[in-house]
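Everything on this sheet refers to the single structure shown next.
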Number of protein chains: 2
Amino acid sequence: MSPPPAARSATLARRPQRADGRRNYDNILAAARTAFDEGGTSASLEDIARAAGVAIGTLYGHFPTREALIEATMRDGLDQLRASADALAETENPAAALTLWFRQAVAHCSTFRGLVGLLATSSYDEGTPLHHACVAMHESCGQLLRRAQGSGHVRADLSPDDLFTMITSAAWTRENATADHDPSDRLIDLLLDAIIRTGRETSAG
Amino acid sequence: MSPPPAARSATLARRPQRADGRRNYDNILAAARTAFDEGGTSASLEDIARAAGVAIGTLYGHFPTREALIEATMRDGLDQLRASADALAETENPAAALTLWFRQAVAHCSTFRGLVGLLATSSYDEGTPLHHACVAMHESCGQLLRRAQGSGHVRADLSPDDLFTMITSAAWTRENATADHDPSDRLIDLLLDAIIRTGRETSAG
DNA sequence: ACCTGAACACCGTTCAAGT
DNA sequence: ACCTGAACACCGTTCAAGT
């Protein structure tokens, strides 16, 4: 009765087989990155198609929804973020690993204006293109958090979800920052201060 | 050479003198509150005009920009928030006053989806309709913060701007919450934990 | 398998004409 | 002073026709 697994990811963009399709796909993605970078995730799709040199129907053929296009532009970056968590989980100082990854995660989530809002709503909404990315981020949060808590440097009552909320709220603050005034770094310091207890057991508890 | 004070607030909506205009103004405001409540601050202005029983031109006549309309729907609420800060500044427990007002401020800033984003960008952008509200909030932050810091219950390196950033980030988190999952209360607790030091000097330091 | 662009729907905003 | 609604511009989205 339930839909096959493929149906869940039916809205996800896939790089086409044919050479001309792949070229268009890549051009649209490149144009989208530029447009989202300048105008946020609500940038005009017609402008993106025009900049990519394709008809608007071609854009929709590859990316059925705006969110699918956004997801595709972020896929590599979010894969990198997960890889970074895996690598940091092997380093010697769990608290330092957590704080470093926290800052990386905030940077990734504030890549485009509007992105973090999508991440926040995708987190508990299965079937959205960005849901998978949110699950991956939760897993990375848990991975680094458990180790940091095990070493006694991070308050034990903190959940991966708490960490995710802190990251997205800081990313939203950065998203709204201007060159003149960016309170996000200070907010990150305050948030990390709230959860990290330095100078406890030095290492292997 | 600089424009007269009136020019600054030229974009602010004013309740008209004539009876028919005042009736339309009030109807538009009521319709806007309903629409923003349901669809966020990007709700259709044509729908609002229709619900208010006026032509679209009438809406623009009273509220030259979307932001002016949003500001008008929030004016009373934000005045109340300032009055609440003034009242709480007279109570005996400065730390309790600060935490209580913090929660009230978060609630006000998350009245409509999209509002807090406007507040964040209006904060350092003079001439926007909501700038005055942001200045008022900063003043309330400073008022309650100074007293709480004076009593030794709040870390001394915290600025009114830090507090404002914390409030908006929590409000954004609430804005994106669903009935199933609202991490904003927990985030508020973590943020307040980060700045409040309970059990120090009990009262008059 | 993929591309095209006309067609439709919808909305923001302005403004000349009205009372 | 205030109201009206047609007019224009712009964009999202679909789909029949093409290669």
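The chains referred to below are lettered A, B, ... by the order of the sequence lines, with proteins before strands, and numbering in each begins at 1.
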Would you mind classifying the nucleic acid contact of A/A43 as base, sugar-phosphate or nothing, using non-hydrogen atoms under 4.0 angstrom?
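Sugar-phosphate, no base atom in range.
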When you look at B/T34 and B/D37, which way does the side-chain hydrogen bond (donor to acceptor under 3.5 Å, both in side chains) test go after all the steps?
CA-CA 5 Å; B/T34 305; B/D37 208 55; over 6 Å; no
Residue [X], side-chain atoms from C-beta onward, closest of [options]:
{"X": "B/S44", "options": "C/dT4, D/dC3, C/dG12", "result": "C/dG12"}
{"X": "B/D47", "options": "C/dC11, C/dT4, D/dT13", "result": "C/dC11"}
{"X": "A/R66", "options": "D/dT4, D/dG12, D/dC3", "result": "D/dG12"}

Integer-rounded Å distance: [N] [atom2] and [X] [atom1]:
{"X": "B/L69", "N": "C/dT13", "atom1": "CG", "atom2": "C1'", "result": "14 Å"}
{"X": "A/I28", "N": "C/dC2", "atom1": "CD1", "atom2": "C1'", "result": "11 Å"}
{"X": "B/H62", "N": "D/dA1", "atom1": "NE2", "atom2": "C1'", "result": "10 Å"}
{"X": "A/R23", "N": "C/dA1", "atom1": "CZ", "atom2": "P", "result": "19 Å"}
{"X": "A/R15", "N": "C/dC2", "atom1": "CZ", "atom2": "P", "result": "12 Å"}
{"X": "A/L45", "N": "C/dT4", "atom1": "CG", "atom2": "C1'", "result": "17 Å"}
{"X": "B/E46", "N": "D/dA6", "atom1": "CD", "atom2": "C1'", "result": "12 Å"}
{"X": "A/L59", "N": "D/dG12", "atom1": "CG", "atom2": "P", "result": "10 Å"}

Side-chain donor-acceptor contact under 3.5 Å, B/S84 with B/Q104:
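Looking only at side-chain atoms, B/Q104 and B/S84 do form a donor-acceptor pair, the distance falling under 3.5 Å.
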Just by distance, no angles: are the side chains of B/S159 and B/D162 close enough, under 3.5 Å, to form a donor-acceptor pair?
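The answer is yes; a qualifying pair exists.
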Taking pairing as Watson-Crick or G-U wobble with both contacts under 3.5 Å, can you name the mate of D/dC10, or confirm there isn't one?
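The answer is none; no pair meets the criterion.
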State the pairing partner of C/dC15; accept Watson-Crick or G-U wobble contacts with both distances under 3.5 Å, and report none otherwise.
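Its partner is D/dG5 (Watson-Crick or G-U wobble, both distances under 3.5 Å).
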For B/S110 and B/R174, what are the C-alpha separation, side-chain angles and deciding distance, and is it a side-chain hydrogen bond (donor to acceptor under 3.5 Å, both in side chains)?
CA-CA 7 Å; B/S110 54; B/R174 173 157 303 171; 4.7 Å; no
Does B/D157 pair with A/R186 as a salt bridge, N-O distance under 4.0 Å?
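Yes, this pair counts.
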Any sub-3.5 Å donor-acceptor pair from A/T168's side-chain atoms to A/F164's backbone N or O?
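Yes, the answer is positive, given that a donor and an acceptor are paired below the 3.5 Å cut-off.
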Report the relative orientation of the aromatic rings in B/W172 and A/W172; use parallel for angles under 30°, tilted for 30 to 60°, perpendicular for over 60°.
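The rings of B/W172 and A/W172 lie parallel, inter-plane angle below 30°.
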Produce the list of close N/O pairs, under 3.5 Å, pairing protein atoms with atoms of nucleotides 14-19 of chain D; give distances to one decimal.
none

